[in-house]
*Asks:* 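Got a structure here, written out as structure tokens. Questions coming.
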Amino acid sequence: MAYDHKSIEKKWQDYWVGDKVFKADSSSNKEKFYALDMFPYPSGAGLHVGHPEGMTATDIVSRMKRMQGYEVLHPMGWDAFGLPAEQYALDTGNDPAVFTQQNIDNFRRQIQALGFSYDWDREVNTTDPNYYKWTQWIFTKLYEEGLAYVDEVAVNWCPALGTVLANEEVVDGVSERGGHPVVRKPMKQWMLKITAYADRLLEDLEDLDWPESIKDMQRNWIGKSEGADVHFEVDGHDETFTVFTTRPDTLFGATYAVLAPEHPFVERIVSAEQKEAVQAYINEVTKKSDLERTDLAKEKSGVFSGAYAINPVNGERIQIWVADYVLMSYGSGAIMAVPAHDERDYEFAKTFDLPIRAVVEGGNVEEEAYTGDGKHINSDFLNGLDKEEGIQKAIEWLEAEGKGEKKTSYRLRDWLFSRQRYWGEPIPVIHWEDGSVTAEKVENLPLELPKTENIKPSGTGESPLANIEDWVNVVDPETGMKGRRETNTMPQWAGSCWYFLRYIDPDNSEQLADPEKLKEWLPVDMYIGGAEHAVLHLLYARFWHKFLYDIGVVPTKEPFQRLFNQGMILGENNEKMSKSKGNVVNPDDIVETHGADTLRLYEMFMGPLEASVAWSTNGLDGARRFLDRVHRLFATDNGSLSDKVKYDSQNTDLERSYHETVKKVTENFEALRFNTAISQMMVFINDAYKASEIPGQYAEGFVKLLSPVAPHLAEELWSILGHEDTISYEVWPIHDEAKLIDDEVEIVLQVMGKVRSKVSAPKDASKEELEKLAMEDETIQEWIQGKTVRKVIAVPGKLVNIVAN
RNA sequence: GCGGGUGUGGCGGAAUUGGCAGACGCGCUAGACUUAGGAUCUAGUGUCUCUCGACGUGGGGGUUCAAGUCCCUCCACCCGCACCA
């Protein structure tokens with residue numbers, strides 16, 4: 001019988017899972033290798049063909065590393081908290097835990113049907129109390145270290161639904177569900193002080209083996225910029241405000257100042273005459289959505305506050321304006337405006353007819369702002385200096401005069417860590433009636449989510465947990481003091497910040513993970529996932545990891561040494577797969593019709609791992625055809641070994657092709673270039689079909705090379721080749737470099753850089769010998785006839801180029 | 001606007017330090033075997049001429065004996081950020 005994927009795949013999957021073939025042993029003395037997938041959110045829709053792409057890539061590497069003698073940790077788990085389960089609960093009254101468990105079971109079934117070599121004994125689930133116990137524990141540590149704090153932050157409050165909405169639940173200013181109005185409302189929120197790690201998150205990127213584009217995205221997100229804080233006094237008030245500037249050297253060109261509309265200072269300094277205008281402006285601005293406010297195309301808007309600031313360098317009175325082009329969230333929410341040398345200030349000054357004074361030479365201030373370098377003018381003690389010197393000197397002056405100081409600002413802001421949701425890790429904090437706040441003691445963790453049939457909005461903006469009286473209200477057993485539990489839960493990011501640590505020691509009830517085991521496995525050697533997590537997940541996880549490093553829990557500064565982002569698999573119409581477009585391909589269907597091995601092979605052969613390529617049914621058929629060809633080459637219809645395979649063969653037809661294949665496949669797997677590795681395997685199979693016989697050791701070697709990509713078929717062929725054990729721990733083939741070198745090589749003969757002839761020559765023929773061969777070649781002689789040979793370039797082993805005209 | 005990236009046959013894509021452009025797969029064409037083929041096998045397949053040959057890696061220019069690869073310039077598309085002071 002021909003290649004029957006259904007029976008073969010079932011057989012080997014049952015064996016792998018049943019016999020725990022891929023169990024990882026932390027105590028072995030093999031070198032450790034940790035291959036990690038970004039774990040999925042188990043959605044109700046199940047797996048789509050995009051999921052297995054990255055998973056196949058890590059699986060191939062894992063399987064190869066095992067065969068190369070490494071102890072491989074390759075785990076899978078579930079990022080299972082999240083909004084959809086909560087929505088489902090709200091809609092149906094069902095328990096999100098039950099719903100989530102069903103989805104997980106479905107995901108696991110689908111993933112196992114693809115034959116990945118996960119160690120299923122290490123499966124983790126972020127919604128499991130034994131898991132989130134440690135998520136909560138990390139939070140309490142952050143709290144103890146002062147890195148978790150409460151702040152007032154505006155949230156999307158929907159009065160009609162009585163709940164707070166996530167940004168993605170708000171569409172065009174109304175709730176996505178029901179279309180109710182949404183307003184910004186300040187609420188007390190837990191924040192994590194990621195900004196305290198900004199510099200280290202930036203610097204430590206250097207040593208990581210990550211795509212440069214991802215590093216850059218993180219750098220931009222952190223957005224470090226150096227400059228100075230400058231303090232301005234307000235004329236007629238006993239007040240000062242601070243601006244942040246990267247160009248303190250242009251202080252003499254500051255002709256007005258601007259406060260963000262939300263700046264608390266605005267109401268303190270606004271003049272009586274301007275009060276009404278300012279209030280009207282602020283009202284207008286707060287009505288605008290974030291999108292409208294940041295729309296670059298729009299005209300600058302603003303209003304004069306009626307107050308004046310004193311420029312600290314020259315005592316000049318300058319107007320203070322309120323304008324929304326200054327953001328409260330960056331720097332100090334206030335700027336000194338230097339219209340001559342800043343494009344935004346220039347545009348604003350032109351709009352409102354404010355003075356513009358050049359203080360740096362170069363450019364034409366009549367026409368546009370000049371942001372380049374040049375000698376300073378109109379700047380007293382800075383005159384004649386260039387930009388760099390000017391900045392230096394200005395900061396020295398400010399610090400000496402007590403009018404300002406050197407300052408570094410970051411675009412990165414602290415992490416808003418609260419969610420007003422039921423389906424998340426409860427934040428383990430109690431607010432006591434005397435006003436004190438304490439974190440739950442470790443022995444009281446996990447603080448479990450209470451079971452309830454009544455998940456509904458609290459109506460106050462608190463999470464549904466606020467409805468559950470006997471959970472929310474607590475009494476201190478020792479002092480009798482009453483308290484109320486925090487009702488906010490953690491965001492989905494929390495569980496995914498450290499799951500890779502738990503895989504290392506998933507059942508530990510005493511600690512997050514055994515330090516000795518962490519030392520064995522960390523850092524993750526290979527981490528593959530989608531580029532959509534390039535910034536947030538990876539930054540948050542790095543932050544937590546550095547924190548855990550600081551408190552001595554983990555042994556490495558960085559969690560993920562090597563990172564790779566796989567591309568997307570698009571629908572056959574070249575658009576992103578989505579239910580609404582009807583172009584989603586379900587892996588279950590492919591496994592049924594073509595088999596898991598075909599799906600794996602096809603996804604790896606489509607193109608480079610990082611590229612986004614459209615699904616093609618024809619391409620899939622081609623992948624299947626290759627596996628059919630492989631099967632037919634090695635096995636007969638009744639499942640015995642093909643006569644063509646001969647263990648005692650002395651035939652050397654395939655020698656070179658085989659060794660080249662071993663070399664290329666090994667190198668390409670290592671470099672994650674699976675498409676080229678597979679094409680080389682195809683070349684070998686084509687050669688093998690042409691050969692009169694296939695030496696047994698080449699057949700075995702090839703099956704090993706194929707096994708990471710098409711493990712079920714490889715196991716089957718391995719047993720047909722007469723082996724009892726799994727192929728998973730067989731020794732990976734090594735190529736013999738000597739077999740790749742031919743004694744005779746083909747030399748390309750060129751005239752004027754164009755190939756005119758070819759000739760065979762000994763591989764180590766000298767330049768002179770090659771030149772002689774070229775000149776003797778008949779075709780070449782015809783080409784150079786009647787021409788003068790100006791020059792002959794001979795590259796040993798490669799070519800001869802004759803310059804003649 | 002800033003940062004990063006990509007442009008190669010009808011399609012997906014290959015091409016060490018500059019050294020035979022188009023590996024491999026899909027598709028297509030012809031043939032073989034077949035009652036049949038959406039199976040399999042064989043041959044062919046960048047374009048123009050189809051004979052020599054010429055042209056050809058987004059466009060233009062340059063360096064070089066030799067450029068997909070290096071330099072300059074322009075264009076298109078994709079991703080991220082976006083009034084970040």
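Just so it is clear, the structure is predicted and the values come from calculations on it, not from any experiment. In what follows, chains are A, B, ... by sequence order, proteins preceding strands, each numbered from 1.
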*Asks:* Between B:G80, B:C83, B:C81, spot the one nearest the side chain of A:Met217, thanks.
*Replies:*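 Looking only at heavy atoms from C-beta outward on A:Met217, the closest nucleotide is B:G80.
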*Asks:* Does A:Lys798 get its side chain close enough to the base of B:C20, under 3.5 Å, for a donor-acceptor pair?
*Replies:*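 Looking at the base of B:C20, it does not pair with any donor or acceptor on the side chain of A:Lys798 (distance under 3.5 Å).
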*Asks:* OP1 or OP2 of B:G27 less than 4.0 angstrom from a side-chain nitrogen or oxygen of A:Asn618, does that happen here?
*Replies:*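 The answer is yes; a side-chain N or O of A:Asn618 sits under 4.0 Å from OP1 or OP2.
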*Asks:* Side-chain donor or acceptor of A:Glu746 under 3.5 Å from a matching atom on the base of B:C20?
*Replies:*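 Indeed, a donor on one side and an acceptor on the other fall under 3.5 Å apart.
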*Asks:* Checking contacts here: which listed nucleotide (B:A23, B:G25, B:G4) is nearest the side-chain heavy atoms of A:Ser679?
*Replies:*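 Nearest to the side-chain atoms of A:Ser679, counting from C-beta on, is B:A23.
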*Asks:* Run the side chain to side chain contact (heavy atoms under 4.5 Å, CB included) check on A:Val230 and A:Lys403 step by step: do they pass?
*Replies:* CA-CA 6 Å; A:Val230 183; A:Lys403 300 277 174 71; 5.6 Å; no
*Asks:* Starting at OH of A:Tyr325 and ending at C1' of B:A85, how long is that distance when rounded to a whole Å?
*Replies:*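 For the pair A:Tyr325 OH and B:A85 C1', the rounded distance is 8 Å.
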*Asks:* Identify the stems formed by RNA chain B, where each pair is Watson-Crick or G-U wobble with both distances under 3.5 angstrom and a stem is at least 3 consecutive pairs.
*Replies:*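 Stems for RNA chain B, defined as runs of 3 or more consecutive pairs: B:1-7 with B:75-81, B:10-12 with B:24-26, B:27-32 with B:40-45, B:46-48 with B:53-55, B:58-62 with B:70-74.
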*Asks:* Roughly how many Å is it from NZ in A:Lys215 to C1' in B:C79, rounded to a whole number?
*Replies:*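 For the pair A:Lys215 NZ and B:C79 C1', the rounded distance is 19 Å.
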*Asks:* Do other residues, nucleotides or ligands put more than 12 heavy atoms under 6.0 Å from A:Lys224 NZ?
*Replies:*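 Enclosed: over 12 neighbouring heavy atoms sit under 6.0 Å from NZ of A:Lys224.
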*Asks:* Between B:C41, B:G12, B:G4, spot the one nearest the side chain of A:Ser213, thanks.
*Replies:*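 The answer is B:G4, which lies nearest to the side chain.
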*Asks:* For A:Arg624, report the nucleic acid contact type (base, sugar-phosphate, nothing); a contact means any heavy atom under 4.0 Å.
*Replies:*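 A:Arg624: no heavy atom of the nucleic acid under 4.0 Å.
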*Asks:* Does the side chain of A:Arg411 get closer than 4.0 angstrom to OP1 or OP2 of B:A82 through an N or O atom?
*Replies:*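 So the side chain of A:Arg411 is within the cut-off, an N or O lying under 4.0 Å from OP1 or OP2 of B:A82.
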*Asks:* Consider the side chain of A:Asn801, meaning its heavy atoms from C-beta on, and name the nucleotide among B:C65, B:C83, B:A85 that approaches it most closely.
*Replies:*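 Looking only at heavy atoms from C-beta outward on A:Asn801, the closest nucleotide is B:C65.
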*Asks:* Using the rule given for side chain to side chain contact (heavy atoms under 4.5 Å, CB included), can you reason through A:Phe564 versus A:Trp210, listing the C-alpha separation, both sets of side-chain angles and the distance that settles it, and then say yes or no?
*Replies:* CA-CA 7 Å; A:Phe564 200 86; A:Trp210 288 19; over 6 Å; no
*Asks:* Within the structure shown, what part of the strands sits under 4.0 Å from A:Arg413 by heavy-atom distance: base, sugar-phosphate, or nothing?
*Replies:*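 Result for A:Arg413 = nothing.
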*Asks:* Please measure how far the C1' atom in B:U17 lies from the corresponding atom in B:U64, and state the result in whole Å.
*Replies:*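 16 Å, rounded to whole Å.
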*Asks:* Is A:Arg790 touching bases, backbone alone, or none of the nucleic acid, heavy atoms closer than 4.0 Å?
*Replies:*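 If one applies the 4.0 Å heavy-atom cut-off, A:Arg790 turns out to touch nothing in the nucleic acid.
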*Asks:* What is the nucleic acid contact for A:Pro211, judged by heavy atoms within less than 4.0 Å: base, sugar-phosphate only, or nothing?
*Replies:*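 Counting heavy atoms under 4.0 Å across all strands, no contact is made by A:Pro211.
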*Asks:* Name the orientation class of the two ring planes belonging to A:His537 and A:Tyr527 (parallel below 30°, tilted from 30 to 60°, perpendicular beyond 60°).
*Replies:*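 Geometry flag for A:Tyr527 against A:His537: perpendicular rings.
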*Asks:* Provide the closest heavy-atom pair for A:Gly753 versus A:Asn801 in the form atom of the first, atom of the second, distance.
*Replies:*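 Closest pair (atom of A:Gly753, atom of A:Asn801, distance): N-OD1, 2.9 Å.
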*Asks:* Within the 4.0 Å heavy-atom criterion, would you say A:Val803 contacts the bases, only the backbone, or no part of the nucleic acid?
*Replies:*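 A:Val803: backbone/sugar contact only, no base atoms under 4.0 Å.
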*Asks:* Using a cut-off of 4.0 Å on non-hydrogen atoms, how would the nucleic acid contact of A:Trp615 be classed: base, sugar-phosphate, or nothing?
*Replies:*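 No contact at all - A:Trp615 keeps every heavy atom at 4.0 Å or more from the nucleic acid.
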*Asks:* So A:Tyr325 and A:Phe348, would you call those rings parallel, tilted or perpendicular, with 30° and 60° as cut-offs?
*Replies:*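 Plane angle between 30° and 60°, so tilted.
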*Asks:* Compare all side-chain heavy atoms of A:Ile528 with those of A:Met38 and state whether any distance is below 4.5 angstrom.
*Replies:*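 Answer no - side chains too far apart.
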*Asks:* To the nearest Å, how far apart are A:Tyr410 OH and B:A85 C1'?
*Replies:*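 Result: 17 Å.
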*Asks:* How many whole angstroms separate atom CG of A:Asn565 from atom P of B:G4?
*Replies:*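 Spelled out: CG on A:Asn565 to P on B:G4 is 17 Å.
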*Asks:* Kindly say if A:Arg673 contacts the phosphate of B:A14, meaning a side-chain N or O under 4.0 Å from OP1 or OP2.
*Replies:*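 False: A:Arg673 side-chain N/O out of range (4.0 Å or more) of B:A14 OP1/OP2.
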*Asks:* Please work out which of the three classes, parallel, tilted or perpendicular, describes the rings of A:Phe634 and A:Phe702, given edges at 30° and 60°.
*Replies:*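 Aromatic pair A:Phe702/A:Phe634 classed tilted.
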*Asks:* Nearest to the side chain of A:Met682, heavy atoms from C-beta on, is which of B:C24, B:A85, B:A14?
*Replies:*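 The listed nucleotide nearest to A:Met682's side chain is B:C24.
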*Asks:* Pick base, sugar-phosphate or nothing for A:Arg632, based on heavy-atom distances below 4.0 Å to the nucleic acid.
*Replies:*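 Sugar-phosphate contact only - A:Arg632 comes under 4.0 Å of backbone atoms but never of a base.
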*Asks:* Please pick, from B:C20, B:A85, B:C83, the nucleotide with the shortest atom-to-atom distance to any side-chain atom of A:Val748.
*Replies:*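 The listed nucleotide nearest to A:Val748's side chain is B:C20.
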*Asks:* Using a cut-off of less than 4.0 Å, is there contact between a side-chain N or O of A:Asn686 and OP1 or OP2 of B:G25?
*Replies:*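 For A:Asn686, the contact criterion (side-chain N or O under 4.0 Å from OP1 or OP2 of B:G25) is met.
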*Asks:* Within a 6.0 Å radius of atom CZ on A:Arg656, are there more than 12 heavy atoms belonging to other residues, nucleotides or ligands?
*Replies:*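 Enclosed: over 12 neighbouring heavy atoms sit under 6.0 Å from CZ of A:Arg656.
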*Asks:* So, OP1 or OP2 of B:C26: does either fall under 4.0 Å of a side-chain N or O from A:Arg625?
*Replies:*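 Indeed, a polar side-chain atom of A:Arg625 lies that close.
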*Asks:* Using a 4.0 Å heavy-atom cut-off, does A:Thr676 contact any base of the nucleic acid, only the sugar-phosphate backbone, or nothing at all?
*Replies:*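 Sugar-phosphate: the residue A:Thr676, judged by heavy atoms under 4.0 Å, touches backbone atoms but no base.
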*Asks:* From C-beta outward on A:Val755, which listed nucleotide comes closest to its side chain: B:G13, B:C20, B:G80?
*Replies:*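 From the listed options, B:C20 comes nearest.
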*Asks:* From CD of A:Glu343 over to C1' of B:G1, roughly how many Å is that when rounded to an integer?
*Replies:*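 After rounding, the reported distance stands at 8 Å.
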*Asks:* Would you kindly give the CD-to-C1' distance between A:Glu660 and B:U16, to the nearest whole Å?
*Replies:*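 It works out to 13 Å between those atoms.
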*Asks:* Round to the nearest Å and state the distance from A:Met681 atom CE to B:A23 atom C1'.
*Replies:*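 The answer, rounded to whole Å, is 15 Å.
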*Asks:* Tell me whether the rings of A:Trp493 and A:Tyr540 are parallel (<30°), tilted (30 to 60°) or perpendicular (>60°).
*Replies:*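 Answer is perpendicular, since the angle exceeds 60°.
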*Asks:* Of the options B:A85, B:C20, B:G13, whose atoms approach the side-chain atoms of A:Lys758 most closely?
*Replies:*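 Comparing B:A85, B:C20, B:G13 against the side chain of A:Lys758, the answer is B:C20.
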